Amino acid sequence: MLHDPRVRGFVEYLRKIESKWQRKWMEERVFEADPDPSKPKFFITVAFPYPNAPQHLGHVRTYSITDVHARYRRMKGYNVLFPMGFHYTGTPILAMARRIARGDSDLVWLLTEVYGVPKEKLPELTDPLKLARYFHQEIKEGMIRLGYSIDWRREFTTVDPEFNKFIEWQFLKLREKGFIVSGTYPIPYCPSCENPVGMHDTEDDVEPEVAEFTVIKFRLEDGTVLPVATLRPETIFGVTNLWINPDATYVVADVNQERWIISREAVEKLKHQNYSVEILSEVRGSDLIGKFVLNPVTNEKVPVLPATFVDPDFATGIVMSVPAHAPFDYAALKDLKQRSREVAEKYGLPEELIKSIEPKIIIKVDSTPKATAVEYVEKYGIKSQSEKLALESLTREVYSLELLRGVMHDNTPYAGTSVKDAREKVKEDLTSRGYATIVYEIVNRPVFCRCKTKVIVKILPDQWFIDYGNEKWKELARECLRKVNIIPPEIRKEFENTIEWLRRRPCARKRGLGTKLPWDRRWVIESLSDSTIYMAFYTIIHLIRKNRIPPEKLTPEFFDYILLGIGDVEELSKKLGIPTEVLEEIRREFTYWYPCDARHSGKDLVPNHLTFYLFNHAAIFPEDKWPRSIVVNGWVLLEKQKMSKSKGNIIPVRKALELLPADVIRLTILSAAELMQDADFSLEGVKTSIDILSKMYTLIRKVVEMGRPGPVKSTELTYCDKIFINKVKLLIKEIDESLSRLRIRDAVQKAYFSMYNFVMDYLSLVEDEMSDERRREVIKYVLWYVIDKWIRVIAPFTPHIAEELWSMIDGEGFVSIARWPEVRDEEIDYSYVLADEYIKRLVDDISAVVRATGKKPSRVFIYVAKREHLELLRKVLHYISTEKLSASEAVRKVLSEVKDRELKKWLGERMKKFIEYVVTIPELMRDLVIRGVPIDEYSVLKEGSKYLAKLLHCSEVIVYHYDDPERYDPAGRSKLALPLRPAIYIE
RNA sequence: GCCGGGGUGCCCGAGCCAGGUCAAAGGGGCGGGACUUAAGAUCCCGUGGCGUAGGCCUGCGUGGGUUCAAAUCCCACCCCCGGCACCA
């Protein structure tokens with residue numbers, strides 16, 4: 001398609017004009033916005049890019065939608081500020097640079113082959129900051145070349161010293177309010193890399209799942225602790241014995257001043273979880289078999305028995321056995337009983353002891369005490385503890401069954417308590433009394449780090465958290481959410497849920513770029529935490545720079561005054577040595593622009609960034625500075641496929657721009673889907689976009705070449721002209737409505753495709769009138785009227801071609817800042833809209849007849865009903881819509897009201913037909929009729945008979961009143977005429 | 001598991017929140033026609049079934065229900081996609 005020379009030519013043409021207009025916008029500072037109290041302001045922002053790699057089409061969507069929104073508002077008369085910054089904060093930039101330094105071949109391939117980074121640039125990109133700057137520039141260039149209407153004077157990065165001071169202020173504020181807390185935090189960790197591991201750092205991208213285990217201290221007679229790890233502490237009441245792997249190696253160790261026996265593998269893990277562990281000696285698992293331990297809760301003495309399913313690499317390597325409620329335990333017990341003699345001999349135990357162990361039921365399910373595990377194991381015919389997979393799945397089933405429907409049995413102190421509650425209570429009770437402690441373990445283990453080391457859990461001490469779990473803060477966030485307009489409304493629920501989910505969240509790390517915690521400089525504020533109120537910074541940074549205010553003067557008092565209006569200007573001025581005018585100017589700029597009227601982002605940021613955005617605004621700013629609206633959009637697919645690095649099906653912005661003009665890229669993405677849906681970027685779509693742009697361009701050019709129209713009197717307009725003009729007006733109004741709700745795809749469809757079709761339809765109807773000189777002038781007038789509006793309407797979507805066309809019609813200034821062609825409802829003459837609907841429907845009907853009969857029409861006769869009949873219809877429709885009557889009730893009611901005998905008879909004869917017909921009138925037509933929009937069927941068709949003939953491909957259309965005595969009506973069809981539905985005869 | 005979103009004709013995709021020309025917008029593909037030396041582009045017609053007069057029948061994941069009337073409302077079920085955090 002792109003090889004077609006004509007397409008190629010048009011594409012080249014577009015590219016040429018695009019750089020031209022981009023240059024002009026820049027030169028004339030069209031998008032630089034300063035406070036202007038005479039205009040309503042609109043401050044629009046979008047999640048800033050993270051420059052650890054170039055951008056691809058997925059990013060283009062969010063920014064393009066934002067740009068359309070910005071441009072639309074600008075044309076609607078708002079003073080629009082659309083700024084952009086760059087997010088350097090965090091570790092991915094470091095990781096990227098390190099991987100390049102290591103010569104990671106996958107990454108090198110991705111960068112050079114997919115993203116088109118020149119090979120010779122790579123060495124430079126091993127420096128994180130240079131890497132960020134490099135991609136920053138590339139991304140910025142892409143944005144400029146895509147025609148985004150950004151005020152670049154306000155650009156900043158999150159490592160700028162001025163920004164650091166701003167974030168310091170934010171964190172001091174949060175801390176003042178008690179929203180920053182410190183504590184410990186368990187995290188998946190690679191002991192070899194000495195780093196936390198997330199999904200991206202593991203082999204096969206597995207997300208390591210950390211779970212909290214309760215470790216209950218059973219004790220030998222000498223007080224040595226055998227710690228057993230469990231997810232179900234409430235089952236402590238059903239313990240019959242402990243399990244130890246006889247073949248594993250255990251150690252006796254000093255753990256936090258107690259003597260513990262744990263598996264050798266557990267030693268390192270405990271150390272990473274802040275236990276002090278000192279190994280005293282080693283023992284074999286088998287040496288522990290047969291010993292008795294004391295259950296700290298029930299004070300029962302239970303034996304230690306051997307089980308092969310016990311994994312020494314899991315938690316402490318010791319397990320408590322609850323055969324009634326744990327399938328593994330029951331299976332192991334069964335195994336043991338089967339070879340009780342052998343085992344007894346081997347470990348010197350009384351065989352009776354083994355034989356005497358029976359599952360102890362401690363949980364009721366649906367009010368019946370049940371040995372759930374026993375039931376399941378028997379039901380599924382599990383033969384031995386070595387059937388690991390089956391037992392794991394049974395464990396899950398038992399777990400959820402008992403969690404959901406289980407209640408503690410009468411033989412426990414928690415009788416009647418649900419399993420769910422009992423679990424918490426027992427845990428709480430045991431830990432507070434020192435009978436238990438907490439150990440974390442990776443539950444989906446083994447998970448391996450990319451370096452092949454097994455991932456473990458580490459507890460980070462003294463971690464700093466943002467406490468999104470704080471109930472008071474949550475209430476503020478909920479309030480903030482209630483006040484904000486969410487587009488599209490469907491995702492509001494997700495925000496609501498997120499607010500409820502959120503708990504405290506680590507907000508600082510030891511590595512990465514960013515701002516240091518002001519009260520503890522070892523920590524760097526993490527990226528999702530320094531990006532929550534930065535929109536405010538856009539409003540002031542350019543002034544900080546213009547006035548050459550050094551970062552050290554950007555004290556908390558400075559921001560308190562600028563952003564919150566706290567403090568005395570004179571005093572502050574004296575203290576900082578900044579003139580009061582300057583301080584006041586900056587304060588004014590902030591108060592003019594803030595709050596943010598629209599915040600855009602992809603839907604991935606709803607459960608984190610966007611929700612944090614609400615939280616932080618609610619915490620720091622007064623209500624009048626809270627966000628006004630949030631706009632969320634879906635992904636971009638490539639030929640229906642999800643874009644992914646591994647598939648290599650990523651189209652970087654740079655490459656897209658090499659192939660296609662910006663307007664085409666924009667239009668393709670914008671028209672592919674409505675906001676929340678995934679937009680498929682396909683060759684097909686590209687083709688369609690180029691196609692419609694070129695058709696539109698050719699058409700408008702043709703109109704322009706006809707020359708400017710001279711003066712035309714409104715009386716010279718024909719019925720057809722007026723229909724066309726009013727249809728266009730209505731269309732523009734609809735586009736406006738769609739755009740105001742950001743139904744961009746719908747707006748695009750209408751602005752390009754519907755508009756083009758309207759114009760083409762009109763042209764085909766009037767083309768043969770062009771020979772008449774006067775008529776030609778009028779048509780030109782109509783067309784110029786329409787293209788003037790048309791060009792404005794497409795400007796938000798494809799601004800470059802719009803500017804070019806605008807200059808072709810000698811539009812004033814830039815179309816980018818021209819007025820939107822506002823259409824007030826009063827300006828639309830709906831009688832023409834109704835007439836158009838009427839004609840369309842009639843044509844449809846006639847075509848249906850033609851099709852059904854197979855006749856080729858030469859003459860078409862049309863018989864129209866009378867005005868009084870239309871009035872009857874109007875009444876019926878009115879009753880249906882206002883009094884909620886059924887069609888038949890409404891018709892009957894109207895019939896009863898008719899005084900005129902003729903009319904009554906007319907309706908009476910047609911009752912059944914009329915009722916059936918009423919229901920079938922399309923919505924738009926129905927509304928227009930109810931509103932009393934006038935239409936004279938006879939004159940509409942009379943005036944339009946020539947056009948009708950054209951539309952129907954027949955030689956003549958003859959219109960009669962249905963009761964015209966002179967009418968030609970061989971088939972007697974005229975009596976079938978109903979209001980707005982004339983009778984037809986074809987020959 | 002928890003929480004969200006969704007299942008529409010050959011395909012993509014509107015419509016469903018405010019039930020009524022909804023056989024279901026708009027594309028795409030396919031078939032036919034016009035134009036052309038031809039192809040492409042463009043335009044017209046058709047695209048569930050039946051029908052020689054604007055009609056009828058079947059239909060919007062499955063099964064029920066409410067209603068004069070349901071793709072649209074209610075209930076149950078099945079299936080698909082996304083998020084679940086310290087990662088930007």
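Below, chain A is the first sequence line, B the second, and so on; all start at residue 1. Keep in mind that this is a model prediction, so the values were computed, not measured.
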Using the C1' atom on both, measure B:C22 against B:C44 and round to a whole Å.
25 Å
A:E494/A:K603 salt bridge by N-O under 4.0 Å criterion:
no
Are OP1 or OP2 of B:C17 and a side-chain N or O of A:R492 less than 4.0 angstrom apart?
no
Just to be sure I understand the rule, does A:D691 reach a base, reach only the sugar-phosphate, or reach nothing, if contact means heavy atoms closer than 4.0 Å?
sugar-phosphate
Tell me what A:N497 touches on the nucleic acid: a base, only sugar-phosphate, or nothing, going by heavy atoms under 4.0 Å.
sugar-phosphate
If only side-chain N and O atoms of A:R511 are considered, is one of them under 4.0 Å from the OP1 or OP2 phosphate oxygen of B:C87?
no
What class does the angle between the rings of A:Y968 and A:F861 fall in, given that below 30° is parallel, 30 to 60° is tilted and above 60° is perpendicular?
tilted
NA contact type, A:P607, heavy-atom cut-off 4.0 Å: base, sugar-phosphate, or nothing?
sugar-phosphate
For A:D969, is there an ion pair with A:R973 - N to carboxylate O distance below 4.0 angstrom?
no
Checking contacts here: which listed nucleotide (B:G26, B:G54, B:G4) is nearest the side-chain heavy atoms of A:E494?
B:G4
Any strand is fair game: report the nucleotide pairing with B:A53 by Watson-Crick or G-U wobble, both distances under 3.5 Å, or none.
none
P spacing across the pair B:C10 / B:G64, given as an integer number of angstrom:
23 Å
Is there a Watson-Crick or G-U wobble partner for B:G9 with both distances under 3.5 Å, and if so, which one is it?
none
If you check every side-chain atom of A:I986, which of B:C2, B:C87, B:A53 has the closest atom?
B:A53
Is A:R504 close enough and on-axis enough to A:F465, meaning under 6.0 Å and within 45°, for cation-pi?
yes
Tell me the partner of B:G29, counting only Watson-Crick (N1-N3 plus N6-O4 or O6-N4) or G-U wobble (N1-O2 and O6-N3) with both under 3.5 Å; none if nothing fits.
B:U47
Starting at CH2 of A:W635 and ending at C1' of B:G5, how long is that distance when rounded to a whole Å?
13 Å
Does A:P186 reach a base, just sugar-phosphate, or nothing at all? Heavy atoms under 4.0 Å.
nothing
Distance check, P atoms only: B:G29 and B:C80, in whole angstrom units.
31 Å
Partner lookup for B:U42, please. Criteria are Watson-Crick or G-U wobble with both distances under 3.5 angstrom; report none if nothing qualifies.
B:A34
For B:G7 versus B:G13, give the span between their C1' atoms, rounded off to a whole number of Å.
13 Å
Base, sugar-phosphate or nothing for A:R926? Non-hydrogen atoms, less than 4.0 Å.
nothing
Between A:D836 and A:K727, does any NZ, NE, NH1 or NH2 come within less than 4.0 Å of an OD or OE carboxylate oxygen?
yes
Mate of B:C87 across any strand shown (Watson-Crick or G-U wobble, both atom pairs under 3.5 Å) is none
Nearest of B:G55, B:G29, B:C3 to any side-chain atom of A:R981?
B:G55
Please work out if A:F753 contacts a base, only the sugar-phosphate, or nothing of the nucleic acid, heavy-atom cut-off 4.0 Å.
nothing
Ring centres under 6.0 Å, that's the criterion: do A:F86 and A:F48 meet it?
no
Paired nucleotide for B:U21 [Watson-Crick or G-U wobble; both distances under 3.5 Å]:
none
With rounding to the closest Å, how many angstrom separate the P atoms on B:U62 and B:G54?
31 Å
Among B:A25, B:G54, B:G29, which nucleotide sits nearest the side chain of A:K687?
B:G29
For A:S847, report the nucleic acid contact type (base, sugar-phosphate, nothing); a contact means any heavy atom under 4.0 Å.
nothing
Nucleotide of B:A85, B:A53, B:A88 approaching A:R503 most closely (side-chain heavy atoms)
B:A85
Parallel, tilted or perpendicular: rings of A:F612 and A:Y468 (30°, 60°):
parallel
In this structure, how many angstroms lie between the P atom of B:A53 and the CD1 atom of A:I846, rounded?
16 Å
C1' atom, B:C57 versus B:C3: distance in rounded Å?
44 Å
Does B:G4 have a Watson-Crick or wobble mate here (both distances under 3.5 Å), and if so which one?
B:C81
Within the 4.0 Å heavy-atom criterion, would you say A:L502 contacts the bases, only the backbone, or no part of the nucleic acid?
base
Pair A:Y985 + A:Y863: ring centers closer than 6.0 Å:
no
Closest approach to the side chain of A:R743, judged atom by atom: which nucleotide of B:G26, B:G15, B:C87 is it?
B:G15
Just call it for A:L528: base, sugar-phosphate, or nothing, with non-hydrogen atoms closer than 4.0 Å on any strand.
base
Euclidean distance for P, B:G48 against B:A41 (whole angstrom):
24 Å
Measure CZ/A:F612 against C1'/B:G83 and give the value in whole Å, please.
13 Å
Just checking A:A983: base, sugar-phosphate only, or nothing, at a heavy-atom cut-off of under 4.0 Å?
base
Take atom P in B:A69 and the same atom in B:G19, then report the distance between them in whole Å.
15 Å
Looking for any heavy atom pair under 4.0 Å, which part of the strands does A:L605 touch: base, sugar-phosphate only, or nothing?
nothing
Using a heavy-atom cut-off of under 4.0 Å over every strand shown, decide if A:K695 touches base, sugar-phosphate, or nothing.
sugar-phosphate
